[in-house]
Amino acid sequence: QKILQKQNKAHKLSYYQGEKLDVEGLVVNAIFNTGNKISLNPDEYTVSSLTNEPGVQTIVISYNGKTISFDVEVKELVLDTLTIKKLPNKIEYYVGEKLDLSGLIVEGIFNNGNTEEITDYTVSELTDKVGEQTITVSYQGKETTFTVLVSETTILTNKTALSIAIEMADAVTQEQLDKVVPAVVVEFKAALENAQDVYDDENALQDDIDDAFERLANAMHMLEFYKG
């Protein structure tokens with residue numbers, strides 16, 4: 001017959017969720033019916049595991065059919081503070097651009113004193129409102145923010161070639177058109193009207209300008225197709 005004895009309480013008895021059981025300092029004795037007592041090596045007995053359930057947990061030590069137990073407290077791991085460690089690489093935008101979070105590093109400081117990088121956070125959306133905008137980063141009920149600048153979209157285009165093509169097309173006389181195949185004349189007039197509309201559009205994109213120039217240039221080339 002033998003009993004187990006936990007000799008001291010020098011080992012860790014308080015934990016936060018996610019921590020592993022630490023039995024450093026734990027001394028377990030086996031006391032036999034002869035009165036002899038031996039101190040057991042850690043590899044001679046087994047210890048039950050710690051779970052992530054907050055509250056008081058009972059840890060059971062087993063040795064040759066005998067058990068002894070002790071209680072530990074598991075505290076809930078709670079996020080205290082959310083912080084921005086590093087801003088995103090891009091903090092200036094034009095209207096219509098999407099938020100780019102590349103380079104953003106978010107950290108959380110927990111009630112156990114540990115700081116961890118947070119990756120599964122959520123962020124508020126970037127709108128088309130011009131000026132400074134506050135982007136809110138959220139995680140587990142905590143928030144932190146950073147500021148971005150949204151500016152009006154500036155479209156830089158080149159209409160020089162289109163302007164020259166329109167000028168050349170305007171120089172074509174009705175007498176010249178009377179000698180050309182009717183279908184070509186119809187396309188020429190449509191291409192010229194389209195080119196003028198695109199040229200007058202202050203918000204025209206470069207692709208539209210290039211397309212209008214190409215269509216008008218092709219139509220002018222076809223003016224060589226005289227009536228048979």
Side-chain angles (χ1 to χ4, degrees), residues 3-31 37-93 97-150:
I3 62 173
L4 293 180
Q5 178 189 59
K6 186 171 74 68
Q7 184 171 314
N8 61 43
K9 297 183 179 180
H11 57 91
K12 184 175 180 178
L13 296 176
S14 181
Y15 296 84
Y16 286 94
Q17 287 175 302
E19 288 187 287
K20 293 182 179 180
L21 185 66
D22 181 0
V23 293
E24 183 178 356
L26 175 65
V27 176
V28 179
N29 296 323
I31 303 175
K37 180 173 71 173
I38 62 171
S39 181
L40 300 177
N41 294 321
D43 59 355
E44 293 181 291
Y45 58 84
T46 60
V47 183
S48 61
S49 300
L50 194 65
T51 73
N52 278 330
E53 188 68 27
V56 175
Q57 295 187 28
T58 298
I59 303 300
V60 179
I61 302 170
S62 303
Y63 170 72
N64 283 351
K66 299 294 182 179
T67 62
I68 190 173
S69 64
F70 62 94
D71 291 338
V72 298
E73 180 187 14
V74 178
K75 301 176 182 178
E76 184 178 5
L77 187 62
V78 178
L79 177 66
D80 281 340
T81 308
L82 196 65
T83 62
I84 302 291
K85 182 179 180 181
K86 182 179 179 297
L87 288 171
N89 299 331
K90 183 178 177 67
I91 56 173
E92 293 186 2
Y93 293 85
E97 288 189 293
K98 293 183 178 180
L99 187 64
D100 183 356
L101 299 177
S102 301
L104 176 64
I105 298 178
V106 179
E107 288 188 337
I109 302 174
F110 292 83
N111 59 338
N112 63 354
N114 290 345
T115 299
E116 298 179 10
E117 182 176 349
I118 307 299
T119 57
D120 52 343
Y121 51 79
T122 60
V123 296
S124 58
E125 294 183 353
L126 185 67
T127 71
D128 288 340
K129 181 181 177 182
V130 174
E132 289 188 350
Q133 291 190 32
T134 298
I135 304 299
T136 301
V137 182
S138 305
Y139 179 75
Q140 290 189 357
K142 301 294 182 180
E143 294 181 349
T144 187
T145 62
F146 63 92
T147 302
V148 298
L149 179 64
V150 179

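Every value quoted in this text rests on a predicted model; they were computed, and no experiment measured them.
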Between [Y] and [X], is there a side-chain heavy-atom distance shorter than 4.5 Å?
X: L77; Y: N111; value: yes
X: I59; Y: V23; value: no
X: T144; Y: Y139; value: no

Going by the rule side chain to side chain contact (heavy atoms under 4.5 Å, CB included), which residues pair with [X] if we only count those two or more places apart in sequence or in a different chain?
X: L99; answer: Y93, L101, V123, L126, I135
X: N89; answer: K86, S102
X: K98; answer: none

- prompt: Yes or no on side chain to side chain contact (heavy atoms under 4.5 Å, CB included) for I61 and L40, after CA distance, side-chain angles and deciding distance?
  reply: CA-CA 11 Å; I61 302 170; L40 300 177; over 6 Å; no
Check side chain to side chain donor-acceptor pair (under 3.5 Å) between [X] and all other residues, then give those that pass, not counting sequence neighbours.
X: T119; result: none
X: T58; result: D71
X: E44; result: none

- prompt: Any donor-acceptor pair under 3.5 Å linking the side chain of N29 with the backbone of K37?
  reply: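 No, the answer is negative, given that no donor and acceptor are paired below the 3.5 Å cut-off.
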message: I'd like to know if the side chain of N41 and the backbone of D43 have a donor-acceptor N/O pair within less than 3.5 Å.
response: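 No.
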message: For the CD1 atom on I38, are there more than 12 heavy atoms of other groups (residues, nucleotides or ligands in this structure) within a distance under 6.0 Å?
response: yes
- request: Drop me the distance from I105's CD1 to L87's CG, to the nearest 0.5 angstrom.
  value: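 Answer for the CD1-CG pair, I105 versus L87, is 10.5 Å.
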Please find the pair of heavy atoms, one from [X] and one from [Y], that lie closest to each other, and give the distance.
X: T81; Y: L79; result: O-CD1, 3.4 Å
X: D100; Y: P88; result: O-CB, 3.7 Å
X: K12; Y: Y15; result: O-OH, 3.1 Å

- request: Using the side chain to side chain contact (heavy atoms under 4.5 Å, CB included) rule, take F146 and L104 through it: C-alpha gap first, then chi angles, then the decisive distance, then the call.
  value: CA-CA 10 Å; F146 63 92; L104 176 64; 4.3 Å; yes
- request: Not counting sequence neighbours, which residues clear salt bridge (charged side-chain N to carboxylate O under 4.0 Å, His left out) with E73? List them please.
  value: none
- prompt: What pairs with E97 under salt bridge (charged side-chain N to carboxylate O under 4.0 Å, His left out), at least two apart in sequence or on another chain?
  reply: K90
- request: Go through the steps to decide whether Y121 and L82 satisfy the test side chain to side chain contact (heavy atoms under 4.5 Å, CB included), and finish with yes or no.
  value: CA-CA 10 Å; Y121 51 79; L82 196 65; 5.6 Å; no
- request: Using the salt bridge (charged side-chain N to carboxylate O under 4.0 Å, His left out) rule, collect all pairs that involve residues 75-85, keeping only residues at least two apart or in two chains.
  value: K85-E107
- request: Just grab all the salt bridge (charged side-chain N to carboxylate O under 4.0 Å, His left out) pairs involving residues 128-148, residues at least two apart or on different chains.
  value: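 Matches after skipping sequence neighbours: none remain.
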Could you pull out all donor-acceptor pairs under 3.5 Å where a side-chain atom in residues 45-53 meets a protein atom, sequence neighbours excluded?
residue, atom, partner, partner atom, Å
S48, OG, V60, N, 2.8
T51, OG1, E53, N, 3.3
T51, OG1, Q57, OE1, 3.2
T51, OG1, Q57, NE2, 3.0
N52, OD1, G18, N, 2.8

